[in-house]
Amino acid sequence: MYLLIPAAGIGKRMGSNRNKLLLLVRSQPIIAWTLLAAEAASTISWIGIISQPTDWPDFNAILADLKLTKPVELITGGSTRQESVYNGLQALPIAAEQVLIHDGARCLATPDLFNSCAEAIRHCPGLIAGVPVKDTIKVVDEQGIIQKTPDRRQLWAAQTPQGFDVKLLKQCHAEGVRQGWEVTDDAALFEKCGIEVRIVEGEETNLKVTTPQDLAIAEFILTTRGF
């Protein structure tokens with residue numbers, strides 16, 4: 001299975017002026033934990049890191065330190081996540097029929113999650129990892145007035161990995177460019193094109209490290225795992 005890791009952001013909410021994936025968690029850069037999980041996942045055979053060339057020296061140093069056994073390619077990122085994934089799709093090896101896309105900032109995803117998504121995408125056009133929403137969600141208007149309360153039983157929090165048929169995802173990205181769609185994940189492109197996307201049970205600990213508070217939580221979770 002082929003894996004693309006969008007890793008081109010700066011991380012403004014982290015209060016950092018550099019790529020947040022280079023920040024340390026348990027003495028390793030955030031991106032290193034993501035790569036180690038992918039390395040340990042038996043289904044992953046190729047990894048593409050989509051990032052800005054200015055970060056490549058740092059990423060190359062991390063890769064040299066990790067000594068991964070799987071091939072890793074650095075791919076030039078775009079100005080948005082959507083553009084970055086589009087670039088990543090063009091850089092996939094020609095043999096790639098399915099792809100997993102996983103945010104580099106979700107450094108707590110386990111090898112088991114990568115494996116379960118890789119197996120599931122062989123049997124559907126698209127999928128995302130997700131977990132059922134526990135909180136009651138309110139839909140609020142511009143004045144801060146609650147408009148409705150959706151049925152929590154139908155709500156899931158989206159995570160990554162997300163998996164897709166490569167040919168279909170390329171078509172959806174091309175349609176997104178033509179239509180001027182701006183989306184926050186690739187599943188939304190499938191939805192706009194009317195293509196079915198399945199939910200695969202994610203992991204409660206698979207949080208996206210976005211704020212300094214998330215860094216502290218990630219440190220704690222990795223400590224409980226024995227790292």
Side-chain angles (χ1 to χ4, degrees), residues 1-96 98-111 113-115 117-118 160-163 166 169-170 173 185-186 206-212 214-215 218-219 221-222 225 227:
M1 182 58 62
Y2 299 84
L3 174 67
L4 289 175
I5 301 175
I10 294 176
K12 294 178 181 176
R13 282 177 288 180
M14 187 68 74
S16 174
N17 59 0
R18 65 196 296 234
N19 193 322
K20 69 180 177 184
L21 301 187
L22 299 174
L23 299 177
L24 299 182
V25 179
R26 299 293 295 167
S27 75
Q28 287 272 29
I30 291 172
I31 188 66
W33 294 107
T34 309
L35 291 167
L36 288 170
E39 168 78 3
S42 60
T43 53
I44 302 299
S45 58
W46 180 95
I47 302 168
I49 302 175
I50 312 167
S51 56
Q52 302 302 341
T54 51
D55 290 328
W56 287 4
D58 290 308
F59 284 135
N60 278 322
I62 291 167
L63 291 168
D65 184 59
L66 294 178
K67 297 180 175 63
L68 304 181
T69 63
K70 299 174 181 179
V72 180
E73 182 172 334
L74 297 179
I75 303 162
T76 301
S79 59
T80 65
R81 185 186 190 281
Q82 189 173 340
E83 288 181 10
S84 289
V85 173
Y86 180 88
N87 292 351
L89 291 173
Q90 312 315 309
L92 283 173
I94 194 168
Q98 291 96 21
V99 64
L100 293 184
I101 300 170
H102 183 67
D103 293 333
R106 290 190 185 272
C107 60
L108 300 171
T110 66
L113 182 57
F114 281 115
N115 289 336
C117 290
T160 64
Q162 300 189 356
V166 170
L169 186 56
K170 284 182 175 180
H173 267 273
D185 72 358
D186 298 277
N206 183 23
L207 64 87
K208 188 175 184 180
V209 178
T210 304
T211 67
D214 296 331
L215 271 177
E219 290 256 2
I221 292 171
L222 288 169
R225 292 179 182 176
F227 294 111

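Values below: all heavy atoms of this structure, side chains included; hydrogens, waters and symmetry mates excluded. From a predicted model like this one, the values you see are computed outputs, not experimental measurements.
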Would you name the heavy atoms of Ile30 and Gly104 that are closest together and state the gap between them?
CG2-O, 3.8 Å
Work out which heavy atom in Lys208 is nearest to a heavy atom in Lys20; give both atom names and the distance.
CE-NZ, 4.5 Å
Please name all residues satisfying side chain to side chain donor-acceptor pair (under 3.5 Å) with Thr80, sequence neighbours left out, ordered by chain then number.
none
Would you say Ser84's side chain and Pro6's backbone share a donor-acceptor pair under 3.5 angstrom?
no
Look at the aromatic rings of Tyr2 and Trp46 and report parallel, tilted or perpendicular, splitting at 30° and 60°.
tilted
Thr211 vs Asp214, side-chain hydrogen bond (donor to acceptor under 3.5 Å, both in side chains): CA-CA, chis, key distance, verdict
CA-CA 5 Å; Thr211 67; Asp214 296 331; 3.3 Å; yes
Point-to-point distance, once rounded to the nearest 0.5 Å, from CG of Leu3 to OG1 of Thr160:
9.0 Å
Any Leu21 side-chain heavy atom under 4.5 Å of Thr34 side chain
no
Quick one: side-chain contact (heavy atoms from CB on, under 4.5 Å) partners of Asp65, sequence neighbours excluded?
Gln28
Atom CD1 of Ile62 and atom CD1 of Ile49: how far apart are they, to the nearest 0.5 Å?
8.0 Å
Which atom names give the shortest non-hydrogen contact between Pro53 and Pro57, and what distance separates them?
O-CD, 3.6 Å
Which pair of heavy atoms, one from Cys107 and one from Trp33, lies closest together, and at what distance?
O-CB, 3.5 Å
Do the side chains of Arg81 and Asp186 get close enough for a salt bridge, i.e. N-O under 4.0 angstrom?
yes
List the residues meeting side chain to side chain donor-acceptor pair (under 3.5 Å) with Glu83, not counting sequence neighbours, and say none if there are none.
Ser79
Do the side chain of Asn115 and the main chain of Ser42 share a donor and acceptor less than 3.5 angstrom apart?
yes
Leu4 and side-chain contact (heavy atoms from CB on, under 4.5 Å): which partner among Leu89, Leu100, Ile47?
Leu89
